[in-house]
Amino acid sequence: MNLLGVTGCPTGIAHTFMAEKALKAAAGKLGCQIKVETNGAIGVENALTEADIKGADAIIVASDKSVDLDRFNGKPVLEVSVGDGVSKAEELVQACLSGKVPVRRGAVIQNLNPGQNQNAARQIYKHLMNGVSHMLPLVVAGGVMIAISFLWGIYSFDPASDQYNPVAAMIKSVGGYSMGLMVTVLSGFIAQSIGGRPGLLAGLVGGAIAAGTDAGFLGGIVAGFLSGYLSQGVVRSLRRLPRQLEGLKSIFIVPIVTIGGVGILMMMFAQPCAALNQWMMATLSKIQNTSPVLLGIVIGCMCAFDMGGPVNKAAYVTGTVLLGQGNYYFMAGVSAACITPPLVLAIAATIKRNRFSEDDRTAALVNYVLGFTHITEGAIPFAAKNPLKVIPILMLSSSISAIATYLMRVEVPAPHGGFLILGLVNKPVIWVLCILTGSFVGALLYILVTPVAKKNTAQWKEADDPGLLKDLLKEETVCLSLVNTGKEEVIDEMVAMLYADGVLQDAEAFKKEIMKRENISSTAFGNGIAIPHGKSKAVRMPRVAVGLSKNGISFNSSDGEPVYAVFMIAAGENEDEVHLKLLSALSKKLMEPGILSRLKECTGKDQMIRLIIEE
């Protein structure tokens, strides 16, 4: 089966590429091909072409930001959150293989549950995150530039101050313009997600009014949704106009009605939004001054609860808004709480190696880099494995870091960058110590609740494919001339070969696993080759059995052609790593042009094994 994927998260940094990796791993495990388009911070990469879409059997869209879905009309489409793409990748691929994915028709978007439209809360969240994803780069760039200007002095922008420096003043001005676009861009792209181009135009105007009337961040959100839904309604109401009036509609009627309507409504809503904004800021200031411990607990729990998800983003966006108003104290705790979770895992992997498998330990150590650069998402795979134990530990750790930061009155003038912006922090050493305190506490707790990792019966490096196959290809389980020509009979023949060599302790149980996989979809992937595979407790030791057929086997392959070479993978029930690496290694080798012809030319079992290993 040929699948396509699209991934995207609001920041376009971590979840986007984690979902891509998870979908590719799941597709490989289940024996199908997938191409994944990523909608990251730097734009679309590995874009799906018209030919890709035309040849796709199903498409998985795992995104929390708006992507172009109309190109998939008429195709089976699953649209889910990017978080589901990370944690439920195998379930999504299985759904595609089952053939139960609904076909996308026009603007109707179907999700994992057939026949159900996305719920309103998810739609609203997606529109909001589209605005946030476009706003954040402006905030980060502007915030860092303003922070850099402070290196010449906190009043280096003021011509009346002794600290005045023209270069610093210019840098601060540029940063200020970037930060000043925050509310306008937020509103515009919320509206664009709902109402397309007409929504974008009205949203930009509504956002500019919100920014200019002190309605602020809340006003920008209100303006975005007002603009989007109003534009959507206006465009729908004008659909029956003659095609000759299309130009008049698009550049005259729609802009005037939407911009005028949103502008008037926002002028009416501006004062209530501004009052709510002022109340919220006053409340936060009161908590900051009277109860930094409570503030630290709230911020720490929010940042570590879903690590890049909507709760985390709520704390982060609040921090960026306050940063734009000159409150550097609040963001210091938010940054500390976001940096802590990945460091918890990295420190735990450093202190106690035996709590991690080799692959997990490598991933955990990479979290030093992710943590130091304010990327919380590196902790997600570890939290997903044991959420009830790990997430509370990460929330406690982040709370400790945030509380310590607030108690020590640390100020961070930039909204991102982690330890790369230490030169801009008022108390850099103290801030690092606050973060490390929470991280070490979390690491010790993680070690206490995590059992010693089970070692795989075989541990090979991904790059060591020849060695991997050499150990698992034996002459005793190679047949140069299979007797049968029917699919199930050939499977019986090869299972019997494995059983006779002592690889299996229960041939029937292993055959059931093989057939269960075949019932999902055929493991014949074209070119006359099939790779049936299964994991079962009936397997005593991992092995690859090989069988050649001179007459061809009816294997229900995707191209309808007979199969002439069968590679059967047998792995233990808990040998996921072995199973996946074998499947990956074999698939890569057997995709080589002309491999089947060279296999047919082999006159001895040792010659065939040598060909596969050296190919």
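Just so you know, these numbers use all the heavy atoms, side chains as well, and skip hydrogens, waters and symmetry mates.
At distances below 3.5 Å, at least one donor-acceptor pair connects side-chain atoms of S156 with backbone N or O atoms of S149. The backbone N or O of T450 lies less than 3.5 Å from a partner atom in the side chain of R355, making a donor-acceptor pair. Under the 3.5 Å distance criterion, the side-chain polar atoms of S398 are matched with a main-chain donor or acceptor of A337. E20 contributes no side-chain N or O that, together with a main-chain N or O of T38, makes up a donor-acceptor pair within less than 3.5 Å. In this structure, the side chain of K35 engages the main chain of A47 through a donor-acceptor pair within 3.5 Å.
Partners of D158 by salt bridge (charged side-chain N to carboxylate O under 4.0 Å, His left out), not counting sequence neighbours: none found. For the side chain to side chain contact (heavy atoms under 4.5 Å, CB included) test, residues two or more places apart in sequence or in another chain that qualify with T437 are I400. Every side chain to side chain contact (heavy atoms under 4.5 Å, CB included) that R71 has, sequence neighbours left out, goes to V6, E37, L48, I53, D68.
Counting heavy atoms from C-beta outward, F72 and V61 have side chains that approach closer than 4.5 Å. Side-chain contact between M145 and K172 is absent, with no heavy-atom pair separated by less than 4.5 Å. A heavy-atom distance below 4.5 Å is not found between the side chains of P166 and W152. Between S401 and C434 there is no side-chain heavy-atom pair separated by less than 4.5 Å. Looking only at side-chain heavy atoms (C-beta outward), S231 and I194 stay at 4.5 Å or farther from each other. Side-chain contact between F372 and L343 is present, with heavy atoms from C-beta onward closer than 4.5 Å.
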Name the atoms and distances for all side-chain donor-acceptor pairs under 3.5 Å in residues 423-431, with sequence neighbours left out.
from: N426; atom 1: OD1; to: E411; atom 2: N; distance (Å): 2.7
from: N426; atom 1: ND2; to: R409; atom 2: O; distance (Å): 3.4
from: K427; atom 1: NZ; to: M408; atom 2: O; distance (Å): 2.8
from: W431; atom 1: NE1; to: A332; atom 2: O; distance (Å): 3.3

List, one per line, each side-chain donor-acceptor pair under 3.5 Å for residues 261-272, sequence neighbours excluded.
none

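When all heavy atoms of R361 and A349 are compared, the closest pair comes out as NE-O, 3.1 Å. Of all heavy-atom pairs between D84 and L92, the closest is O-CD1, 3.9 Å. Here the shortest heavy-atom pairing between P198 and V235 reads CG-CG2, 4.0 Å. What you find for C273 and G219 is that their closest heavy atoms are SG-CA, 4.0 Å.
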Practice problem: Report the C-alpha distance between Y164 and F157 in whole Å, list the side-chain angles of each, state the deciding distance to 0.1 Å, and finish with yes or no for ring pair (Phe, Tyr, Trp, His ring centres under 6.0 Å). | Solution: CA-CA 6 Å; Y164 177 72; F157 65 92; 8.9 Å; no
Exercise. Would you please test T340 and L394 for side-chain contact (heavy atoms from CB on, under 4.5 Å) and show each step?
Key: CA-CA 8 Å; T340 297; L394 297 180; over 6 Å; no
Practice problem: Tell me, with the steps shown, if I60 and L4 meet side-chain contact (heavy atoms from CB on, under 4.5 Å). | Solution: CA-CA 6 Å; I60 300 169; L4 298 179; over 6 Å; no
Quiz item: Would L226 and L230 count as a side-chain contact (heavy atoms from CB on, under 4.5 Å) if you check the C-alpha gap in whole Å, the side-chain angles of each, and the deciding distance to 0.1 Å?
Solution: CA-CA 6 Å; L226 274 177; L230 177 62; 5.9 Å; no
Exercise. May I have the step-by-step check of side-chain contact (heavy atoms from CB on, under 4.5 Å) for L201 and T258, ending in yes or no?
Key: CA-CA 8 Å; L201 300 177; T258 56; 5.9 Å; no
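A distance of 7.5 Å separates NZ in K88 from OG in S81, rounded to the nearest 0.5 Å. Remark: S335 OG to I435 CD1 distance equals 7.5 Å, nearest 0.5 Å. Distance check: S397 OG to I347 CD1 gives 9.5 Å after rounding to the nearest 0.5 Å. To the nearest 0.5 Å, the span separating OH on Y368 from CG on L345 amounts to 10.5 Å. A distance of 10.5 Å separates CG in L295 from OG1 in T405, rounded to the nearest 0.5 Å. Annotation: the span from S439 atom OG to N367 atom CG amounts to 11.0 Å, rounded to 0.5 Å.
Annotation: F305, atom CZ; neighbour count of heavy atoms from other residues, nucleotides and ligands within 6.0 Å does not exceed 12.
Note: Y229 and F225 have parallel aromatic rings, judged against thresholds of 30 and 60 degrees for the angle between ring planes.
The list of side-chain hydrogen bond (donor to acceptor under 3.5 Å, both in side chains) pairs with a residue in residues 185-202, not counting sequence neighbours, reads S66-S193, H127-S193, N130-Q192.
Checked against the 6.0 Å centroid criterion, the rings of Y446 and F356 qualify as a close aromatic pair.
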